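Below is one structure, written out as structure tokens, with a few remarks after it.
Remember, it's a predicted structure, so these values are computed and weren't measured experimentally. Lettering follows sequence order; numbering is per chain, from 1.
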Amino acid sequence: MIARLRASPALSPTFFARPSREVAPDLLGTILVHEVAAGLGTDGLVAGRIVEVEAYDGPQDRASHARAGRTPRTAPMFGPPGHAYVYLVYGLHHCLNVVTGPSDEAGAILLRAAAPVAGIELMRARRSAPHEPDERLAAGPGRLGAAFAIERGLSGADLTAGALRLLPGGTFGAATDRAAIRAGPRIGVAYAGEPWASLPWRFRREGDPSVSR
DNA sequence: ATAGGGATTCTC
DNA sequence: AGAATCCCTATT
């Protein structure tokens, strides 16, 4: 399993070069992999199947971090597709996004939850959650960040090549069928006002136990 | 320089 | 329901 994950080619930049709300549902079922080099304490490979995402658009989307235009923190959102945008929320949790659309047009997709497929004990150790069921270890954007050892230094990293990457869905096990995808409003964006707060830009696999609560 | 607040999670 | 906790962004 680990060897196959290491050998699999990642999704290409062209996959991400579309509007975030179009890429978002296609991300369900893809596999997030992060290999951390030995010697850092919590080294090893972890992987999980993406089961929940949220699309964010450019400055016109008042729920998006791009609403203030290009700033030091959000610069990756205006960069090339397929790269990471990482931020710290509430001073506590690191959240991982994938940048979409062409360079100079802001767009990103927040990875909100994944079903663990490899490195499960490593995820449990990083989360310091000895009694958490396997399927809940990356159930939520902050939990996913901790389980996958996401940090701000990864913001701007290329997710189509490198230690942190996304693999196509369907390669390992069944592909996610479109009928099982459910759309709804994004979480925690009431401050954006209408219509942004109600747009159905959160996508998840219906009934999957790893979706956030 | 400083104030206000957040794309969350855990515990009480 | 409330706390934890840091850094971003806008304003003075």
Side-chain angles (χ1 to χ4, degrees), chain A residues 16 19-25 27-28 32 48 50-79 81 83-101 105-116 123-157 159 164 166 182-204 209-213:
Chain A
F16 300 100
S20 58
R21 64 181 168 281
E22 291 180 19
V23 178
L27 271 183
L28 298 179
L32 180 67
I50 300 299
V51 299
E52 180 184 354
V53 298
E54 274 176 2
Y56 288 87
D57 209 343
Q60 70 281 9
D61 176 3
R62 303 312 291 168
S64 173
H65 285 178
R67 65 185 178 275
R70 190 179 198 134
T71 66
R73 179 181 62 145
T74 63
M77 284 189 75
F78 294 79
H83 286 232
Y85 162 51
V86 176
Y87 66 92
L88 183 64
V89 255
Y90 300 109
L92 296 169
H93 310 289
H94 290 281
C95 296
L96 174 63
N97 293 253
V98 193
V99 174
T100 58
E105 283 182 31
I109 297 165
L110 172 64
L111 304 184
R112 288 190 56 91
M123 291 186 189
R124 195 184 307 286
R126 287 171 175 166
R127 288 271 332 277
S128 304
H131 305 302
E132 197 78 61
D134 293 359
E135 67 272 15
R136 303 295 301 166
L137 287 170
R143 288 172 163 212
L144 184 151
F148 282 86
I150 302 304
E151 43 184 330
R152 264 182 332 171
L154 290 165
S155 202
L159 298 181
L164 179 64
L166 275 164
R182 176 98 168 244
R186 296 173 290 184
I187 304 294
V189 297
Y191 61 82
E194 298 304 333
W196 314 107
S198 299
L199 294 177
W201 287 2
R202 170 178 177 242
F203 303 89
R204 72 268 197 198
S210 295
V211 166
S212 72
R213 299 200 271 258

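Atom-to-atom, CD1 of A/Ile150 to P of B/dT9 comes out at 14 Å; the value is rounded to the nearest Å. In this entry the distance linking CD1 of A/Ile187 with P of B/dT8 reads 8 Å, nearest Å. When the C1' atom of B/dA7 is taken as reference, atom CE of A/Met77 falls 10 Å away, rounded to whole Å. The nearest whole Å value for the distance from the NE2 atom in A/His65 to the P atom in B/dG5 is 15 Å. Rounded to whole Å, the distance from OH on A/Tyr85 to P on C/dC8 is 10 Å. The interatomic distance linking A/Arg70 (CZ) with C/dC8 (C1') rounds to 17 Å, in whole Å. Per the geometry, CG belonging to A/Leu137 stands 11 Å off P belonging to B/dC10, to the nearest Å. In this entry the distance linking OH of A/Tyr87 with P of C/dT9 reads 13 Å, nearest Å.
Of the candidates C/dA4, B/dA7, C/dT9, the closest approach to any side-chain atom of A/Tyr56 belongs to B/dA7.
Evaluation of A/Tyr191 against the base of B/dG6 yields no stacking contact (centre distance < 5.5 Å, interplanar angle < 30° required).
Between B/dC10 and A/Arg127, a contact under 4.0 Å exists linking OP1 or OP2 to a side-chain N or O. Applying the 4.0 Å criterion to OP1 and OP2 of B/dA7, one finds that A/Arg73 has every side-chain N and O outside that range. Phosphate proximity of C/dC8 to A/Thr71: absent, as no side-chain N or O sits under 4.0 Å from OP1 or OP2. At the phosphate of B/dC10, OP1 or OP2 sits under 4.0 Å from a side-chain N or O atom of A/Arg143.
Heavy-atom nearest nucleotides on DNA chain C were determined for A/His93 and for A/Arg152, and the one closer to the 5' end corresponds to A/His93.
Between atom CE of residue A/Met123 and atom CG of residue A/Leu144 there is a gap of 8.0 Å, rounded to the nearest 0.5 Å. In this structure, CD1 on A/Ile187 lies 7.0 Å from CD on A/Glu52, to the nearest 0.5 angstrom. Here the straight-line distance linking atom OH of A/Tyr87 with atom CZ of A/Arg152 works out to 13.5 Å at 0.5 Å rounding.
Under the Watson-Crick or G-U wobble criterion, with both distances below 3.5 Å, B/dT11 is paired with C/dA1. Judged by Watson-Crick or G-U wobble contacts below 3.5 Å, the nucleotide B/dA1 has C/dT11 as its partner.
Partner A/Asp57 forms a salt bridge (Lys or Arg N to Asp or Glu O under 4.0 Å) with one of A/Arg21, A/Arg67, A/Arg186 and no other, that one being A/Arg21.
Residue contacts for A/Thr74: at a heavy-atom cut-off of 4.0 Å it reaches the sugar-phosphate backbone alone, with no base atom in range. Nucleic acid contact class of A/Gly142 (heavy atoms, under 4.0 Å, all strands): sugar-phosphate only.
Contact annotation: the side chain of A/Leu32 approaches that of A/Leu96 to within less than 4.5 Å [non-hydrogen atoms, C-beta and beyond].
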